[in-house]
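Heads up: numbering here begins at 1 and tracks the sequence.
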Amino acid sequence: MPTAPFNIEQFHNCLLVTLRGKWDMATNIQYLAQLSESLKRRRGRPFHLLVDMRTWQIPKSDSFNQMKAPIKLDRRNQLSEVWLENEDTDADHIANKFFSEQRFSLTRTKDEQIFLAHSKTLVDEVVMSYIRSWIENETFR
């Protein structure tokens, strides 16, 4: 049985999300359901969402891009979101659609060192050490 092309992990005040591979609608629904559950488990505690989406491929199809209903995730206690992309990441439509109404800012970069430097401004050293390890030892590569 193949491994899901995503992983959501909670560490202290962070949700660490890894997105990989080519997705279809079923994968997207599975991911959104798991993300929603992870947000609920925060139980109102503030958090940062850090996403490593290098090598993530979003299908280019009308059915994938047109959701039947708007996606509503409880992000009331989210403090920030940081994306680590690569040159092939095509997520502008997601950033434009889902982040225009958020009270936190979205930071996007294709540079691992910039991602780590920005993350360092958000968390304490114990969490930062874990984030460095998470990025450097990524099992989805």
Side-chain angles (χ1 to χ4, degrees), residues 1-61 63-141:
M1 183 170 188
T3 306
F6 62 86
N7 186 51
I8 301 172
E9 176 181 356
Q10 181 177 322
F11 187 78
H12 289 259
N13 64 336
C14 292
L15 288 178
L16 307 174
V17 176
T18 306
L19 309 177
R20 292 289 186 261
K22 190 170 186 172
W23 285 27
D24 57 20
M25 186 57 84
T27 307
N28 196 47
I29 291 168
Q30 290 171 346
Y31 165 70
L32 291 172
Q34 188 172 336
L35 180 60
S36 179
E37 286 302 313
S38 297
L39 295 173
K40 287 177 189 173
R41 282 194 299 271
R42 293 295 308 158
R43 293 189 178 104
R45 292 171 291 166
F47 67 97
H48 302 281
L49 186 66
L50 306 175
V51 184
D52 179 355
M53 57 177 54
R54 296 172 289 180
T55 76
W56 183 43
Q57 297 175 29
I58 304 166
K60 305 266 193 257
S61 72
S63 63
F64 189 83
N65 292 327
Q66 296 174 358
M67 293 288 191
K68 301 279 185 222
I71 299 166
K72 296 289 185 191
L73 297 171
D74 185 359
R75 295 174 175 253
R76 287 176 286 180
N77 295 84
Q78 186 170 343
L79 301 172
S80 67
E81 187 155 337
V82 186
W83 290 0
L84 178 57
E85 305 173 78
N86 67 9
E87 48 284 333
D88 296 324
T89 306
D90 182 17
D92 290 339
H93 65 288
I94 295 171
N96 296 335
K97 185 174 184 178
F98 297 110
F99 291 96
S100 61
E101 299 174 4
Q102 301 302 330
R103 64 171 185 77
F104 59 86
S105 63
L106 169 64
T107 301
R108 300 170 68 181
T109 183
K110 294 178 181 172
D111 185 291
E112 189 174 304
Q113 295 310 309
I114 292 172
F115 178 87
L116 293 170
H118 185 74
S119 298
K120 189 174 182 175
T121 68
L122 304 173
V123 299
D124 65 31
E125 190 51 43
V126 170
V127 176
M128 194 59 225
S129 178
Y130 191 85
I131 291 170
R132 274 189 213 97
S133 175
W134 169 65
I135 286 295
E136 293 168 2
N137 298 314
E138 186 50 54
T139 59
F140 281 86
R141 286 187 185 186

Quiz item: Between atom CD1 of Ile8 and atom CG of Leu19, what is the distance when rounded to the nearest 0.5 Å?
Solution: 8.0 Å

Exercise. Let me see the working for Gln57 and Asp88 under side chain to side chain contact (heavy atoms under 4.5 Å, CB included), right down to the final yes or no.
Key: CA-CA 8 Å; Gln57 297 175 29; Asp88 296 324; over 6 Å; no

Quiz item: More than 12 non-hydrogen atoms from neighbouring residues, nucleotides or ligands closer than 6.0 Å to CZ on Arg132, yes or no?
Solution: yes

Quiz item: So how far is it from Leu116 CG to Ile131 CD1, rounded to the nearest 0.5 Å?
Solution: 8.0 Å

Practice problem: Identify the heavy atoms of Phe115 and Val51 that sit nearest to each other, and give their distance. | Solution: CE1-O, 3.9 Å

Quiz item: Would a line drawn from the ring center of Trp134 to the ring center of Phe11 be shorter than 6.0 Å?
Solution: no

Quiz item: Roughly how far, to the nearest 0.5 Å, is the CG atom of Leu32 from the CG atom of Leu73?
Solution: 6.5 Å

Quiz item: Rounded to the nearest 0.5 Å, how far does CZ of Phe6 lie from CH2 of Trp56?
Solution: 11.5 Å

Quiz item: Can you name the nearest heavy-atom pair linking His48 to Ser80, along with the distance?
Solution: ND1-OG, 2.6 Å

Exercise. Could you check if a side-chain atom of Gln78 sits within less than 4.5 angstrom of a side-chain atom of Arg103, using non-hydrogen atoms only?
Key: no

Self-check item: Considering all heavy atoms, the nearest Gly44-Asn77 contact
Solution: O-ND2, 2.7 Å

Practice problem: Begin with the C-alpha distance, continue with both residues' side-chain angles, and end with the deciding distance and a verdict on side chain to side chain contact (heavy atoms under 4.5 Å, CB included) for Leu79 and Phe104. | Solution: CA-CA 6 Å; Leu79 301 172; Phe104 59 86; 5.8 Å; no

Quiz prompt | Side chain to side chain, Thr109 and Leu84, heavy atoms closer than 4.5 Å | solution = yes

Quiz item: Do the side chains of Val82 and Leu122 get nearer than 4.5 Å, heavy atoms only?
Solution: yes

Self-check item: Option from Glu112, Glu85, Glu87 for which salt bridge (charged side-chain N to carboxylate O under 4.0 Å, His left out) with Arg54 holds
Solution: Glu112

Self-check item: Over 12 non-hydrogen atoms of neighbours within 6.0 angstrom of CZ in Arg43
Solution: no

Self-check item: Residue pair Arg20, Asp52: steps toward the side chain to side chain contact (heavy atoms under 4.5 Å, CB included) verdict
Solution: CA-CA 8 Å; Arg20 292 289 186 261; Asp52 179 355; 2.9 Å; yes

Practice problem: Nearest 0.5 Å please: distance from the OG atom of Ser38 over to the CG atom of Leu15. | Solution: 6.0 Å

Quiz item: What distance do Phe47 atom CZ and Leu39 atom CG have between them, rounded to the nearest 0.5 Å?
Solution: 4.5 Å

Quiz item: Which heavy atom in Asn13 sits nearest to a heavy atom in Arg42, and how many Å separate them?
Solution: CA-NH2, 4.0 Å

Quiz item: Could you walk me through whether Val126 and His12 pass the side chain to side chain contact (heavy atoms under 4.5 Å, CB included) check?
Solution: CA-CA 9 Å; Val126 170; His12 289 259; 4.2 Å; yes

Quiz item: Side chain of Asn7, backbone of Thr18: donor and acceptor closer than 3.5 Å?
Solution: no

Quiz prompt | Side chain Thr89, main chain Asn86, donor-acceptor under 3.5 Å | solution = yes

